[in-house]
Amino acid sequence: MEIFESRDALQQRLRSLRQSGRTIGLVPTMGNLHDGHLALVAAAREQADFVLATIFVNPLQFGPAEDLDNYPRTLQDDCELLTDAGCDGLFVPAVTEMYPDGLQGQTLVSVPGLSQKHCGASRPGHFDGVCTVVCKLFNLTEPDSAFFGEKDYQQLQVIRKMTTDLCMPVRIEGVPIIRNAEGLALSSRNGYLDTEQLALAPLLHDQLMAASTTIKSGQADFADVEARARAELDKAGFRTDYFTVCNALTLETAQHDDSDLVILAAAWLGKTRLIDNLRFTR
Ligand code: PAF
């Protein structure tokens with residue numbers, strides 16, 4: 001696997017690939033890779049001639065009280081996993097390479113509305129940071145397609161809208177969530193959980209499943225379904241941030257005639273904030 005730290009070296013290599021007619025599949029990550037990330041690489045491998053992963057813990061998408069400093073950085077292991085997964089290239093820039101003029105005054109890319117609800121309400125500015133870095137990565141790499149996990153469902157919808165609204169010539173591919181045997185969605189932040197919390201964490205997925213089953217069986221009072229799930233989670237030891245039945249495309253509160261639904265959930269276990277979702281039709 002070729003490793004690039006500088007934008008110049010990366011762009012030079014990608015230019016020559018493009019000139020020889022190869023397609024580029026981009027897999028943006030923040031590292032500390034797990035099977036969820038490897039599923040993105042596998043999906044990219046199926047479509048693109050050259051699979052380029054990026055590892056960049058993007059300071060712009062972390063709030064002042066969030067886990068930027070403690071975010072797990074495991075570059076050596078990540079390189080081995082990517083090589084074994086058949087990834088062709090890895091871009092691993094320093095913060096100064098991505099933000100040469102610093103973070104203050106950086107031009108921001110913002111998707112209004114969609115970015116402000118759910119995770120955006122709890123993490124103000126988070127999606128502006130995500131969109132800005134993803135836009136920079138798209139401009140630097142000009143990929144044919146880019147791969148994002150459906151675990152970050154709102155992020156995926158925000159990126160899709162940014163790409164459409166700004167006429168970016170890149171195909172956005174969502175890749176299904178990978179779960180452990182107990183149903184817990186894989187996430188780098190699961191590494192923060194202690195043994196007891198790890199045992200409890202799959203309840204988030206259990207509650208999503210229970211809520212979707214209830215709705216599919218005819219329950220149309222979504223607020224009641226949400227309240228019951230929140231109560232179950234909080235009783236078990238979570239601190240629920242949100243548990244909301246939404247229209248799967250707009251992420252607005254679901255209306256009774258909506259058929260394509262997603263339940264979005266975020267909940268704290270101790271100091272760790274977990275997110276998960278379940279999309280279904282009725
Ligand atoms: O999902 C992530 O890991 C990050 O938000 C992303 C898309 C790599 C942007 O930093």
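Order of listing sets the numbers, starting from 1, for every ligand and every atom in it.
One side chain, Ser122 or Asp241, offers a donor N or O that lies under 3.5 Å from an acceptor on the other. Side chains of Gln47 and Arg171: a donor on one and an acceptor on the other come within 3.5 Å.
The protein non-hydrogen atom at the shortest distance from atom 3 (O) of ligand 1 is Met30 CG, 3.6 Å.
Listed by number with element, the atoms of ligand 1 under 4.0 Å from a non-hydrogen atom of Val133 are 9 (C), 10 (O). Numbered from 1 in the order shown, with element, the atoms of ligand 1 that lie under 4.0 Å from a heavy atom of Pro28 read 8 (C).
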Salt bridge (charged side-chain N to carboxylate O under 4.0 Å, His left out) assessment of Arg282 paired with Asp258
CA-CA 8 Å; Arg282 58 166 196 146; Asp258 285 333; over 6 Å; no
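Ring pair His126/Phe62: centre-to-centre distance not below 6.0 Å.
Checking only distances, Asn58 never comes within under 3.5 Å of ligand 1, N or O to N or O.
Among Gln61, Gln155, His126, the residue whose heavy atom lies nearest to atom 9 (C) of ligand 1 is Gln61.
Between the CH2 atom of Trp268 and the CG atom of Leu274 there is a distance of 9.5 Å, given to the nearest 0.5 Å.
The backbone of Thr29, and not its side chain, has at least one atom closer than 4.0 Å to an atom of ligand 1 (non-hydrogen atoms only; backbone = N, CA, C, O).
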